[in-house]
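Order of the sequence lines sets the chain letters (A, B, ...), proteins ahead of strands, with each chain counted from 1.
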Protein chains: 2
Amino acid sequence: MARSASSPPGRKALRETPPSEPRTSTRSTGSVTLGDVAKLAGVSPITVSRALNHPELVTPETLETVRQAIAETGYVPNLLAGGLASSRTKLVAAIIPTLGNAMFIDTIQPLNDLLTGAGYQLLLGLSGFPTTDEQELLKGILSRRPDAIVLTGVNHSDESRQRLKAAKIPVVEMWDLTPAPIDSLVGFSHEKVGKAVADFLFHKGYRRFALVCAGDERARIRRRSFLEALGGFGLESLATVDVPTPTTVRMGREGMARLLADGHRPDAVFCSSDVLAHGVLAEAQSRGLRVPEDVAVMGFADLDFAAYTFPALSTVHVDRAAIGTRAAEILLARLGGKPAGPTMVDIGFEIIERASA
Amino acid sequence: MARSASSPPGRKALRETPPSEPRTSTRSTGSVTLGDVAKLAGVSPITVSRALNHPELVTPETLETVRQAIAETGYVPNLLAGGLASSRTKLVAAIIPTLGNAMFIDTIQPLNDLLTGAGYQLLLGLSGFPTTDEQELLKGILSRRPDAIVLTGVNHSDESRQRLKAAKIPVVEMWDLTPAPIDSLVGFSHEKVGKAVADFLFHKGYRRFALVCAGDERARIRRRSFLEALGGFGLESLATVDVPTPTTVRMGREGMARLLADGHRPDAVFCSSDVLAHGVLAEAQSRGLRVPEDVAVMGFADLDFAAYTFPALSTVHVDRAAIGTRAAEILLARLGGKPAGPTMVDIGFEIIERASA
DNA sequence: CAAAGCTATGATAGCGCTGTCATAGGTTGT
DNA sequence: ACAACCTATGACAGCGCTATCATAGCTTTG
């Protein structure tokens, strides 16, 4: 607005300019710039920059003048330009499989909140979208030059690892553990979860096990160690059904229906997520099966509804918010040049015994 | 990698440089640039740029040479620089209240997928975070110069509207209707929903109504028109409980518990979301109340689980994915300079009668 | 075969900001 | 009183990319 009158861009105006003049720019975007604010405030552009980014270097009066000029012009800083000049974008990227899974959402929310509070913005990338693999996604994200990046899981292509190293930014992998992380790591052991659930259910006396498992990488790990542990007890040939991601209550119901249709009569069903478990619960109830007397149901993640279904769901509690919080703390410390404390964090898990198993 | 040997930056190196030389840059980021690729490929930087962004302008052989140079160097374009130069960022921002509400997620997912498919990246802003209001959030987002922006709801401060107009980018408001949108609009009438539900339940014979309502702007509109409609039937003084956001099953259970504790004996409970309705269902069941014989329960949104609870939830179906899809289509058309079709879309809603009411 | 047009590539000059160094003016210490 | 230092501000030169115009080498056309 402060500018529109003085510099009307466009081809026409250019033609009318005498060729001797240094030619007014054809490319200006027409939006208010630092320079415009500076002119109005009667200071140099760099002073405006400082007023915004290092106000302690500017006298209170100058600061006030600049503030007014900013308000008057409606100036919005251009972080593309700022980031290009300073190599700091105030952007942190996080890659998660999907928004459709409440597990990751509960991690992302505190991550976002802490980063936002520290002046960063979170850019979410969804790797579960079938037509782009993580590698492509990562390339796209790195082209925005984030200051740091958060990844879900620990399996990344060599090329991805290479690119991440080349980017020279803090990286946090989360939701799993590995002896060879790219950089920092916040997660828990899915193997131990599988084993712990097997122990728990076996010692409660269940013997006819079934699994309803989604096509998630980490769910598979839990399943494998669950089966191994049961094998250790001398139990073999368990009934398992696979359901596609994203997991829904519907898939849980259908999974349970399929189990029963196939003639299985499990006395305990372990699901790869509470959502699936919830579906199993509903299917059992709709068929008049009593939970847990006729069939026990065990979920995973302890989502917000797990304690409030009827009957309440036994599950594996994972402090999902803590994953996000720790990841944010590690990143913010490192971005601030401070020591980050331990950068390999096992947040553990806990078997929660409620009514359903 | 291709560069690190030839240009060791840093203070030391600078001091050793004779003062007559044009001084090697102190500021280079050390990462591979277009220029590096160009040098390796034996072409000019602009040709590399074209190979990436307008390959049809480059001969196949040149393209191939450039491709190889890119692969060899591991070049990742810098979209900050590109965006600054071209005023196109390939970034679309969307503001939603929270990730914790599956309603919006179901809209965001197709929005993200379509935008990603068209080469855009989606930047999510969460306005529900208490310490930042939408206005601040918007400012932060606009400083990244997105090519377009999607907003949830139609109530925005004058300053926000001003800024959005000044940004001169396509804007889509969604999830509500208004006669005075900022630009484009994709939503449905929450007033009509409230009235339709009141009609539906009244005509099914229910008379002792209760409401469990979250502190959501649009939920309030639905509640108001629901109450108005019932008032039209001569019913007054309904039992209502407010629950805080984000809505959870727990809040639904507690809401129902509170209603009963207060001595209310509703024969129908209308909830501002399926999640709350689900909690109401669980609470009723845990007290031995039959649904819908003793109490009917009605949700809102038709979330994925609504058809699969037991008993299945009667609710208001909203095609949330269609909101995202239409928003994406409108934006992509306008960003591509094509006619966008109608830019005020009422996607409607539908009362779904299942078992719970 | 000259004029005109087309195609592939290049040179130049920014986009809007900040790192870096320089400088004017003030304060302190002896 | 003067060096030594500090503080607030400014000038300048890029950050890495693309819009724009220019140009060399073709093909087309009457």
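Side chain of A:Gln121 to backbone of B:Gly140: a donor-acceptor contact under 3.5 angstrom is found. In this structure, A:Ser87 contributes its side chain and A:Gly83 its backbone to no donor-acceptor pair below 3.5 Å.
Minimum atom distance to the side chain of A:Arg88 is reached by C:dG19, of the listed D:dC17, C:dG19, D:dT18.
Counting to the nearest Å, the P atom of C:dT18 and the CG atom of B:Leu84 are 12 Å from each other. We find that CG of A:Leu34 is positioned 19 Å from P of D:dC15, with the value rounded to whole Å. In this structure, CG of B:Leu52 is placed 14 Å from P of C:dT9, rounded to the nearest angstrom. Regarding B:His54, its NE2 atom lies at a distance of 14 Å from the C1' atom of C:dA8, rounded to whole Å. With rounding to whole Å, B:Leu79 atom CG is found 17 Å from C:dG16 atom P. C:dG16 atom P lies 15 Å from atom CG of B:Leu80, rounded to whole Å. One can place CG of B:Asn78 at 6 Å from C1' of D:dG16, the figure rounded to the nearest angstrom. At whole-Å resolution of the value, CG in B:Asn53 and P in D:dG16 are 17 Å apart.
Where B:Pro45 and B:Ser86 each meet DNA chain C at their nearest nucleotide, the meeting point lying more 5' is that of B:Pro45. Residue-to-nucleotide proximity on DNA chain C shows that, of B:Thr59 and A:Gly82, the 5′-proximal contact is made by B:Thr59.
Between B:Thr33 and D:dG16, a side-chain N or O to OP1/OP2 separation shorter than 4.0 Å is absent. Between C:dT18 and A:Ser49, a contact under 4.0 Å exists linking OP1 or OP2 to a side-chain N or O.
Note on B:Arg326 versus B:Glu329: salt bridge recorded, some NZ/NE/NH1/NH2 to OD/OE distance being below 4.0 Å. Looking at B:Asp183 and B:Arg334, a side-chain N of the basic residue comes within less than 4.0 Å of a carboxylate O on the acidic one, giving a salt bridge.
If you check every strand for non-hydrogen atoms under 4.0 Å, B:Thr62 touches sugar and phosphate atoms only. Nucleic acid contact class of A:Arg145 (heavy atoms, under 4.0 Å, all strands): none.
B:Pro110 and B:Thr325 get closest at one heavy-atom pair: CB-OG1, 3.8 Å.
For a distance-only test at 3.5 Å, the side chain of B:Arg50 qualifies as a donor-acceptor partner of the base of C:dG10.
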